[in-house]
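In what follows, every heavy atom counts, from backbone to side chain, and hydrogens, waters and symmetry copies are set aside.
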Amino acid sequence: MASDEPKAKKLKLAEEKKESPVKKSPVKKSPAKLSPNSLFGMGNPLLDISAVVDKDFLDKYTLKPNDQILAEDKHKELFEELVKKFKVEYHAGGATQNSIKIAQWMIQEPHKVGTFFGCIGKDKFGEILMQKAEEAHIEAHYYEQDEEPTGTCAACITGDNRSLVANLAAANCYKKDKHLDLEQNWKLVEKAKVYYIAGFFLTVSLESILKVAKHASENNKLFCLNLSAPFICQFFKENLMKVMPYVDVLFGNETEAAAFAKEQDFKTKDIKEIAKKAQALPKENKKRQRIVVLTQGKDETVIFSDKVETFPVLKIDPKDLVDTTGAGDAFVGGFLSELVQEKPLVQCVKAAHYAANVIIRQAGCTFPEKPNFN
């Protein structure tokens, strides 16, 4: 759903003969040469409508200060009221698309390393999303249809919290047979070596996710998934667990991890134990160990492959914090930007923390012209 997780999200070598999805050794080697379409993302393209709101507004629509949900009938008036009553900003959003754009921004050159698939409407908002994708130098191939308008996401900001309400609309209309299966589109999927899909897409097209995930697994490529929201872990558990055997890198934050642990009956609330148990879930491609990456906002990031590791996040002065909406997406984007270049784990996390730290200083999931990262 819109810009993903509430807070900044945050990830060795395996046993003999097993590769880890991420190189652990700090041995100096030149990064893998990047070519266009090396990184593939598929998800819900949404136009974010962001505004600082008050508690009365949250209460009226029974919204938690820090959450992400799908819009229901009772939220119909919310979007209109938000625009009428508060000063709104429009940003191209959608969790996966945000992460692909951030990865491309971190990489800079060549352009179009990132490819993105999703569904939009034939309307003004759809045109904005296409224009924003082009400006971000990603290769977006949208399935355009005219039955539903382009999806939107209300980002209701109070203090350093944000409550996201997504009206998927067109994003919910993605069709495997009408888009992913088309020869020219599938060729772009085959060109990639790293794949990333946010859990939000599990509500839209499980068959599309499985086709991509199986391709990655069968070709020993990297498939990454995000838990995305507690409701995904709770109400789309069956779909989530159908994809889990193909997941090489699993992202989540502390609230999602807690919901996942409860639904999977892990019998623990300890985030390190949750990471360990999630890592040990059945896996198809035995050549790679799964890596679990759990973020905790301003607290340390927890990573498990064959042992637990923690990484402190970058500090930020509260007065510099503008909007945490895109922090989780940015974390993943930073991580992917190094992962696709086959950089060591430490470098992937460092880039993830850097990107999240930059994005929370901006409104929405926006960023300066160039990163200052090495």
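Proximity of Q289 to Q279: side-chain heavy atoms (C-beta onward) are separated by under 4.5 Å at one or more points. Using a 4.5 Å cut-off on side-chain heavy atoms (C-beta onward), V243 and F223 make contact. Counting only heavy atoms from C-beta outward, the side chains of L46 and L168 approach each other to under 4.5 Å. Under the 4.5 Å side-chain criterion, counting only non-hydrogen atoms from C-beta, W186 is in contact with L180. No side-chain heavy atom of L227 sits under 4.5 Å from any side-chain heavy atom of I232. Between Y174 and N44 there is no side-chain heavy-atom pair separated by less than 4.5 Å. A 4.5 Å side-chain heavy-atom check between E77 and Y61 finds at least one atom pair inside the cut-off. Contact check for F201 versus M42: side-chain heavy atoms found under the 4.5 Å cut-off.
In summary, K211 and D181 engage in a salt bridge, as defined by a charged side-chain N under 4.0 Å from a carboxylate O. With salt bridges taken as basic N to acidic carboxylate O contacts below 4.0 Å, none links K214 and E218. Look at D270 and K272 and you find no salt bridge, because none of the NZ, NE, NH1 or NH2 atoms lies under 4.0 Å from a carboxylate O.
Side chain of N161 to main chain of P65: no donor-acceptor pair is present (N/O by atom type, distance under 3.5 Å, no hydrogens or angles). Between the side chain of S163 and the backbone N or O of K64, at least one donor-acceptor pair lies under 3.5 Å. Between the R288 side chain and the V247 main chain, no donor and acceptor come within less than 3.5 Å of each other. The main-chain N or O of V308 is never found under 3.5 Å from a side-chain atom of K276 such that the two would form a donor-acceptor pair. With hydrogens and angles disregarded, no donor-acceptor distance shorter than 3.5 Å links the side chain of K343 to the backbone of S337. Under a 3.5 Å cut-off, the side chain of E338 and the backbone N or O of P344 do not form any donor-acceptor pair. Not one N or O on the side chain of D48 forms a donor-acceptor pair closer than 3.5 Å with the backbone of A155. Under the 3.5 Å distance criterion, the side-chain polar atoms of S99 are matched with a main-chain donor or acceptor of D329. In terms of modelled atom types and a separation under 3.5 Å, the side chain of R162 and the main chain of D67 share a donor-acceptor contact. Listed for the E300 side chain is no donor-acceptor partner under 3.5 Å among the backbone atoms of Q296.
Counting non-hydrogen atoms of neighbouring residues, nucleotides and ligands closer than 6.0 angstrom, the NZ atom of K221 exceeds 12 such neighbours. More than 12 heavy-atom neighbours from other residues, nucleotides or ligands sit within 6.0 angstrom of CD on E109. No more than 12 heavy atoms of other residues, nucleotides or ligands sit less than 6.0 Å from atom NZ of K269. A 6.0 Å sphere centred on CD of E134 holds no more than 12 heavy atoms belonging to other residues, nucleotides or ligands.
Put simply, Y90 and V52 are part of two different groups of oily side chains (I, L, V, M, F, W, Y) that touch within less than 4.5 Å, one to the next. By the criterion of side-chain heavy atoms lying less than 4.5 angstrom apart, applied directly or through intervening Ile, Leu, Val, Met, Phe, Trp or Tyr residues, L336 is not grouped with M106; the two fall into different hydrophobic clusters. I69 and I157 are members of different hydrophobic clusters when ILVMFWY side chains are connected at heavy-atom separations under 4.5 Å. If you chain together hydrophobic residues whose side chains sit under 4.5 Å apart, F86 and V322 never meet in one group. The hydrophobic cluster containing L314 does not contain I360, counting ILVMFWY residues as joined when their side-chain heavy atoms lie under 4.5 angstrom apart, directly or transitively.
For the 3.5 Å distance criterion, the side chains of T62 and K74 qualify, holding a donor opposite an acceptor. Side-chain N/O atoms of H353 and N357 include no donor and acceptor closer than 3.5 Å.
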Open item on the list: Before you tell me yes or no, could you show the steps for I107 and V340 under side chain to side chain contact (heavy atoms under 4.5 Å, CB included), namely the whole-Å CA-CA distance, both residues' side-chain angles and the distance that decides it to 0.1 Å?
Closed with: CA-CA 10 Å; I107 290 163; V340 77; 3.9 Å; yes

Task: Residue pair Y246, L225: steps toward the side chain to side chain contact (heavy atoms under 4.5 Å, CB included) verdict - done: CA-CA 9 Å; Y246 305 101; L225 185 79; over 6 Å; no

Open item on the list: One pair to check against side chain to side chain contact (heavy atoms under 4.5 Å, CB included): L345 and E309. What are the steps and the verdict?
Closed with: CA-CA 11 Å; L345 169 65; E309 295 184 78; 3.7 Å; yes

- [ ] Test side chain to side chain contact (heavy atoms under 4.5 Å, CB included) on N226 and Y196 and set out the steps.
- [x] CA-CA 8 Å; N226 206 314; Y196 173 66; 2.9 Å; yes

TODO: May I have the step-by-step check of side-chain hydrogen bond (donor to acceptor under 3.5 Å, both in side chains) for E135 and Q131, ending in yes or no?
DONE: CA-CA 6 Å; E135 286 170 8; Q131 180 196 332; 2.9 Å; yes

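Listed by chain and residue number, I102, W105, I359 satisfy the side-chain contact (heavy atoms from CB on, under 4.5 Å) test with F367 (two or more places apart in sequence, or in another chain). Residues passing the side chain to side chain donor-acceptor pair (under 3.5 Å) test with D59 are K55, sequence neighbours excluded.
If you run salt bridge (charged side-chain N to carboxylate O under 4.0 Å, His left out) between D248 and each of K287, K283, K286, only K283 comes through. Each of K277, M244, K237 was evaluated against Q264; a single residue qualifies, K237, per the side-chain contact (heavy atoms from CB on, under 4.5 Å) test.
Residues F373 and Y354 place their aromatic rings such that the two centres sit under 6.0 Å apart. Under the 6.0 Å cut-off for aromatic ring centres, H179 and F117 qualify, their centroids lying closer than that.
Distance check, rounded to the nearest 0.5 Å: CD of Q234 to CD of E256 gives 10.5 Å. Atom-to-atom distance recorded for T150:OG1 and E127:CD is 9.0 Å, nearest 0.5 angstrom. Atom CG of L240 and atom CG of L206 lie 10.0 Å apart (nearest 0.5 Å). Note: L294 CG to N253 CG = 8.5 Å, rounded to the nearest 0.5 Å. Between the CG atom of L202 and the CZ atom of F236 there is a distance of 8.5 Å, given to the nearest 0.5 Å.
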Validation: residues 138-146 side-chain donor-acceptor distances under 3.5 Å, sequence neighbours left out:
residue : atom : partner : partner atom : Å
E139    : OE1  : N37     : ND2          : 3.2
E139    : OE2  : H141    : NE2          : 2.8
Y142    : OH   : Q97     : OE1          : 2.3
Q145    : OE1  : E147    : N            : 3.0
Q145    : OE1  : E148    : N            : 2.9
Q145    : NE2  : I120    : O            : 3.2
Q145    : NE2  : E148    : O            : 2.9

